[in-house]
Amino acid sequence: MADTYDFRAVERKWQERWEASGIYATPDDGREKYYVLEMLPYPSGDLHVGHAKNYTLGDVIARMTRMLGYAVLHPMGWDSFGLPAENAAIARGADPNVWTRENIANMQRQVRLMGTSYDWSREITTCDPEYYRWNQWIFLRLYEQGLAYKREAPVNWCPHDQTVLANEQVIDGRCWRCDTPVERRNLSQWFLKITAYADRLLAGLDELEGWPDRTKTMQRNWIGRSEGTQYSFGIENTEERISVFTTRVDTLFGATYLAVAPEHPIVEQIVTKKQAAGVREFAQSLRSKSELERTSLMEKAGVFTGAYAINPLSHERIPIWVTNYVLAEYGTGAIGGVPAHDERDFDFARKNGLPIAQVIAKPGSDITVPLTEPYVEDGRLIASGDFTGMSSARARKAITERLAAMGIGEARINYRFRDWLVSRQRYWGTPIPIVYCSACGEVPVPDDRLPVVLPADVPITGEGSPLARDERFINTNCPKCGGPAKRESDTMDTFFESSWYYLRYIDPRNAEQPWDPRKAAKWAPVDQYIGGTEHTVLHLLYSRFFYKFFHDRGWVSGADEPFTRLFHQGFVLSNGEKMSKSRGNVVGIDQTADTTGVDAMRLFLMYVTPPEDTADWTEEGISGRVRFVNRVWRACEPLTQAARSVDVRSMPEPDTPEEKALLRAVHVAAKSAIDETRSRRFHYNTTIAKLDEYVNALTGMVQTHRESRAVLYAVHALPLIIAPFAPHMAEELWERLGHATSVHLEPYLEPDERALAVEEITLVVQVNGKIRARLQASPGITEDDAFRLALEQSGVRAQLDGKEIRKRIFVPDKLLNLVV
RNA sequence: GGGCAAGUGGCGGAACUGGUAGACGCGCUGGAUUUAGGUUCCAGUGGGGCAACCCAUCAGAGUUCGAGUCUCUGCUUGCCCACCA
């Protein structure tokens, strides 16, 4: 028996050699490009097998694509700004920079340990001044275009992290990082005008055929486009008007009250003396509540302001209420309450004894019976003045036109999502390159003074903004007038860095610009992006926004979407449970590399489930792949000398059915790997199953057919075929087969039609759809021949039993169905 | 409450376009090798029946010569959104 396979020695040997020889450098020749990218990791510490699944998938795709003849770009870097580094500083006095660099060093080591094929010459680290200077540069370009602006607005404040959050970072009213209920505060903050791209962000989704539908749907819902009408109600005894937005202007005649958000500025002006105390108390009670309490408070409540509005078409006088269910941030912060045709308004009107006036009739019913529940569908208008009798759709148009003619309304599109709040009151991030001068006001830092460097040795306490307290940093001179000025003390949301990093990889050492547009024209966009579902809205939406902006500036060409195809990998459980430090069940990379080997780990992760599904890491499961690795070694290694003489690019003719079957198994496996790659299905679990069959066939023959050309060919082809999955063992066998160059730079094994062809098929014979016989036959057998053979089968004859055959269904090489 | 996805052996899964359900692996059972354990190798492994056969892809209906796959209803699970006017 061959020596047992020493995976530790082999894996270390090849990782060192690949490193030294730089075989994974991105080629820049005439070959077609392919850009494979896994989402930029945050360097939080140790990697576990969950990370390994993500990087293995990307690596298998990169290696397969490389062997299929593409110029593959497969880079790696570190999303290294962010709160964990600061929290480490607060918790144990660590320097965020040192802490981050140590983590990066460790994670980089572990990523290499997984046998990945990254082009490390393109590595980027977002907390490097040479990276974030381009953050600042991009920020200034957005600023010039009016797409970055500062304004005071009610924002989400996390009291634990002591910073504001983007809307996208508030999950169920809680901070996405620390789960603390988020508060509302009125603060002056920097925003990026992502809403200016709303329609293009929506329309672009339709073009993204390589994206999961779920993800596209979630982005559509997040953007939340709704078409409607904005119009205004007059207020009795004043010149003031209140604007409302509605998608159902056809129900206008059914408005029986007007509801406004407590924060609406009009409230102060219109509230009557008598009602003032009650309204103030109501607004106060809401203000002191966290966002979470307010949204989970399903009970609708409100207070009458004492004021009345006038319906612009019916001229009815309706009361104005302050309510908790109208949101200040959406639409105009006020609505016309139509209880008969809206569930929320119905609910509210019932609780507060407000009238319910039906103005839409269900098609086919003329009679108006008192509504027991709101009728929210379209219908035909009743009791609606000139518009009575119209369909809802027609009335929406007609009423909008009437309001427009009166000068008090217009068609309007509203979006649910808000501009992206990008400033953070934290230290470990990119400084926002703006200076405040008492004479010149808000002044952008000129490009030639970038980067605005984040100062070192800043005390971090977790209270307030660290940079705001740092006199060395804050005090500067105005770039315009040279007078004393103050720097912006806020830093950027870390999602800013990750919104464009994939372009920096294309030209990572460019000192003149973030990237050369000519290089981007070649390498962008990313062809295959791989990452978790948690970034469905945040990172993926922001990146799409940035890319469209870059496209508009001419910095990228072609399509205006950054990621042509997107794949969400599933996560990894440990014995059915979520991996966590507190459970003590985290399966680490170092440990796995030492106990089972990296090749076995990679094979297992690709084999256990399709890559999009949740995988379960178990001892038994991984042992199956350890066995496989050893089986391959035992089958191939002893024959590597003998197999040297075989040309792997020229398949031998089989002499026996066994050899034929073996050659077929070889080519079926190769074809599966190629098909899964080209179809972008990536179900390599089925490929590895076919590799099992290949190795099983080979194992059965290596002892008895040592001299067989087919066996030696199968031995020689195996490292070529498993190279993307088990790169170390493949390389070792390849070397022992007498090759001086890397198997990873070889073309993949081309599936041979002769090997894939079968000489005998199994034809299923059914009677009335039930299987009664299986015939061995040559491919291409005719229906008549099949029928004749079928009638000779006793099982078929017994079923026919003299009955009349009414119909014959013949599927060539598959099945014959006789209907009696 | 709304939306989307999914339910196949003891387990992970295969069957991609309606055409041999359960490939491949894990586990389990028996045997061989071994001082023993482990390793390795061989055989078996959805349920029922002596057998011919019958029953099986969450449940029920439908379409079809034929349904794991298509349609409808219900159940279960997972994820996402939840006062967005």
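Everything quoted here is computed from the prediction, not taken from an experiment. Chain A is the first sequence line, chain B the second, and so forth, proteins listed ahead of strands; every chain is numbered from 1.
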Geometric cation-pi criterion, R416(A) with W222(A): 6.0 Å, 45°: yes

Sugar-phosphate, base or nothing in reach of N696(A), heavy atoms under 4.0 Å: sugar-phosphate

Sugar-phosphate, base or nothing in reach of Y607(A), heavy atoms under 4.0 Å: base

Rounded interatomic separation in angstrom, taking CG from D616(A) and P from G78(B): 16 Å

Out of C26(B), G25(B), C4(B), whichever nucleotide has its closest atom nearest the side chain of R214(A): C4(B)

Side chain of Y325(A) (C-beta onward), nearest among U40(B), C81(B), C83(B): C83(B)

Nearest listed nucleotide, side chain of R627(A), among C4(B), A85(B), G27(B): G27(B)

NZ or CZ of K300(A) within 45° of F348(A) ring axis and under 6.0 Å: no

Any R220(A) side-chain nitrogen or oxygen under 4.0 Å from OP1 or OP2 of G3(B): no

Atom pairs under 3.5 Å, N or O on each side, protein against nucleotides 62-68 of chain B: can you list them with distances?
residue : atom : partner : partner atom : Å
C65(B)  : OP1  : K807(A) : NZ           : 3.4
C65(B)  : O2'  : N817(A) : ND2          : 3.3
C65(B)  : O2   : N817(A) : ND2          : 2.3

Between C24(B) (C1') and F604(A) (CZ): distance, integer Å: 14 Å

Salt-bridge criterion met for E804(A) and R806(A) (N-O under 4.0 Å): no

Touch class at under 4.0 angstrom, heavy-atom based, for S226(A) against every strand present: sugar-phosphate

Between P of A85(B) and CZ of R416(A), the distance in whole Å: 9 Å

Integer-rounded Å distance: G78(B) C1' and E612(A) CD: 15 Å

Sugar-phosphate, base or nothing in reach of G224(A), heavy atoms under 4.0 Å: nothing

C1' gap between G66(B) and U20(B), integer Å: 13 Å

P gap between G27(B) and C11(B), integer Å: 15 Å

Separation of the C1' atoms in G18(B) and U69(B), to the nearest angstrom: 6 Å

Output field: ring centroids W633(A)/F7(A) closer than 6.0 Å: no

Ionic contact status for D378(A) with R248(A), cut-off 4.0 Å: yes

R225(A) with D199(A): basic N within carboxylate O range, under 4.0 Å: yes

Gap between atoms CG and P, on L573(A) and G13(B) respectively (whole Å): 11 Å

Sugar-phosphate only, base, or nothing, as touched by R631(A) at under 4.0 Å among non-hydrogen atoms: sugar-phosphate

Rounded interatomic separation in angstrom, taking NZ from K671(A) and P from A23(B): 21 Å

Pairing partner (Watson-Crick or G-U wobble, both distances under 3.5 angstrom) of G37(B): none

Letter per nucleotide, 5' to 3', of nucleotides 45-54 of chain B [B base touched, S only sugar-phosphate touched, - untouched; heavy atoms, 4.0 Å]: --------SS

Atom-to-atom span, CZ of R774(A) to P of A21(B) - whole angstrom: 6 Å

Ion pair R808(A)/E783(A), N-O distance below 4.0 Å: yes

Residue from T246(A), T400(A), T247(A) passing side-chain hydrogen bond (donor to acceptor under 3.5 Å, both in side chains) with T229(A): T400(A)

Between C1' of G13(B) and OH of Y684(A), the distance in whole Å: 18 Å

Could you pull out the protein-nucleic contacts involving nucleotides 14-17 of chain B (nitrogen or oxygen on both sides, under 3.5 Å)?
residue : atom : partner : partner atom : Å
A14(B)  : OP1  : N685(A) : ND2          : 3.2
A15(B)  : OP1  : R681(A) : NH2          : 3.3

Pi-cation contact, F628(A) with R625(A) (under 6.0 Å, within 45°): yes

